Amino acid sequence: MKEWYDAIKEAQSVERIEEIRIAVFGKKGVLAAEFAKMKSAPDEEKSKIAQELNTHKTALMNELQQRKTILQTLELEAHMKAEAIDVSMYSTNSESGALHPVMETMDRIVEYFSSMNFAVKTGNMVEDDFNNFEALNLPKYHPARDMQDTFYFRDEMLLRTHTSPVQIRTMMNSKPPIRMIAPGAVFRRDYDITHTPMFHQVEGLLVDEEGKVSFANLKFILEDFLKYMFGDVDVRFRPSFFPFTEPSAEVDISCVFCKGKGCRVCSKTGWLEVLGCGIVDPNVFEAVKYENVSGYAFGLGVERFAMLIHHIGDLRSLFEGDIKLLEQFQ
Ligand SMILES: CNC(=O)COc1cccc(Nc2cc(Cl)ccn2)c1
């Protein structure tokens with residue numbers, strides 16, 4: 001019988017325990033055979049043998065059960081260990097999304113002017129002639145309108161060609177002082193390697209009492225803004241013309257690619273034009289019925305900023321949704 005106690009001690013698996021249980025306790029098992037043999041033993045020995053066999057039966061059952069419990073625990077631990085997930089492990093294939101470079105650039109522009117206490121205002125993309133042109137000193141049949149290559153609907157409704165209408169509507173609906181920016185999508189019937197029918201603009205407007213707003217204020221905030229966006233660049237104001245501002249200026253930064261030496265991107269000038277600005281023309285204030293005020297305004301193209309900041313050569317790549325390009329902006 002001893003070999004069975006050893007077999008239980010040496011058992012390494014639950015199914016081995018089950019084999020031993022059947023071999024010892026089964027109908028054709030060792031104990032059944034011993035009890036059968038006892039029947040043919042002399043009477044006076046029967047009770048002694050029966051007592052011995054029952055002691056073994058109880059002892060073997062206990063040993064078997066204890067060993068089985070130990071093996072079950074070991075098997076469970078091994079199973080848990082094999083299936084354990086190390087949550088601290090760094091995953092290399094994180095498929096996380098990312099902001100589109102144009103939206104990320106727009107967010108940064110908004111962040112700057114918000115930090116300067118400019119309100120951020122949005123408006124409809126479908127606009128009317130008054131808010132998109134008339135009020136901006138662009139009367140009917142003004143040549144600048146043709147330049148605008150506008151998407152017209154019926155009865156003078158149109159897709160806005162800039163975000164100025166948001167500023168016109170703000171002036172129509174609130175009193176000065178005003179300090180706001182208007183980010184958003186704008187539309188022009190222009191489509192070539194450097195123009196897309198839809199693109200994004202941010203316009204800014206500051207209006208206060210007459211005499212409280214000067215070109216110096218405009219120069220300061222645009223210079224500070226451009227250094228915030230492009231880092232250590234030189235900023236240059238060039239006299240220009242817009243129907244809605246007088247005086248007007250176009251603003252250049254030293255080329256971010258060649259640091260001003262001259263290259264293909266800046267057409268060897270060392271300068272890149274990035275935005276337009278000026279002192280709001282009195283005719284605009286007349287249209288919105290503002291009196292005794294002065295103000296400045298500016299406008300910029302977000303795609304142009306994004307392309308300069310991220311060194312993207314082709315405008316169209318911002319609209320193709322090419323995941324290989326976009327995932328570089330994670
Ligand atoms: C991409 N944009 C550019 O190159 C130039 O945009 C500009 C320039 C100067 C002024 C404005 N906007 C503006 C708005 C109002 Cl309500 C009144 C006067 N001006 C936009």
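Source: prediction; values computed, not measured. Atoms within a ligand are numbered from 1 in the order they appear, just like the ligands themselves. The first residue of the sequence shown is numbered 1, and numbering continues consecutively from there.
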With Leu226 as reference, evaluate Leu300, Asp252, Val251 under the side chain to side chain contact (heavy atoms under 4.5 Å, CB included) test and give the passing residue.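 Result for side chain to side chain contact (heavy atoms under 4.5 Å, CB included) with Leu226: Val251.
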List the closest protein heavy-atom neighbour of atom 4 (O) of ligand 1: residue, atom name, distance to the nearest 0.1 Å.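 Nearest neighbour among protein heavy atoms for atom 4 (O) of ligand 1, to 0.1 Å: Gly276 N, 3.7 Å.
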Do Arg188 and His195 have side-chain heavy atoms sitting under 4.5 Å apart?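 Sidechains of His195 and Arg188: no contact.
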Just distance, no hydrogens or angles: give the donor-acceptor pairs under 3.5 Å from side chains in residues 306-326, sequence neighbours left out.
unit_1	atom_1	unit_2	atom_2	d
His310	NE2	Glu104	OE1	3.3
Asp314	OD1	Arg316	N	2.9
Asp314	OD1	Arg316	NE	3.3
Asp314	OD2	Arg316	NE	3.3
Asp314	OD2	Arg316	NH2	3.0
Ser317	OG	Asp314	O	2.5
Asp322	OD1	Lys324	N	2.8
Lys324	NZ	Glu327	OE2	3.0

Relative to the heavy atoms of [X], which atoms of ligand 1 are at a distance of less than 4.0 Å?
X	result
Gln201	1 (C), 2 (N)
Gln167	14 (C), 15 (C), 16 (Cl)
Glu203	11 (C), 12 (N), 13 (C), 14 (C), 20 (C)
Gly299	1 (C), 2 (N), 3 (C), 4 (O), 5 (C), 6 (O), 7 (C), 8 (C), 20 (C)

Side chain, backbone, both or neither: which applies to Cys277 and ligand 1 if a contact is any heavy-atom pair less than 4.0 Å apart?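 The answer is the backbone.
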Structural part of Leu136 in contact with ligand 1, heavy atom criterion under 4.0 angstrom: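 For Leu136, the contact with ligand 1 is made by the side chain alone.
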Min N/O separation Thr245 to ligand 1 under 3.5 Å: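 Between Thr245 and ligand 1 (N or O atoms, distance only) the closest approach is not under 3.5 Å.
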Can a donor-acceptor pair be found, under 3.5 Å and without considering hydrogens, that links the side chain of Thr245 to the backbone of Ser248?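 Flag not set: sc Thr245 to bb Ser248 has no pair under 3.5 Å.
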With Thr161, which of Asp149, Asn132, Asp190 fulfils side-chain hydrogen bond (donor to acceptor under 3.5 Å, both in side chains)?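 Among Asp149, Asn132, Asp190, the one meeting side-chain hydrogen bond (donor to acceptor under 3.5 Å, both in side chains) with Thr161 is Asn132.
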I want to know whether Phe113 and Phe225 have ring centres closer than 6.0 Å.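 When the ring centroids of Phe113 and Phe225 are compared, they turn out to be within the sub-6.0 Å range.
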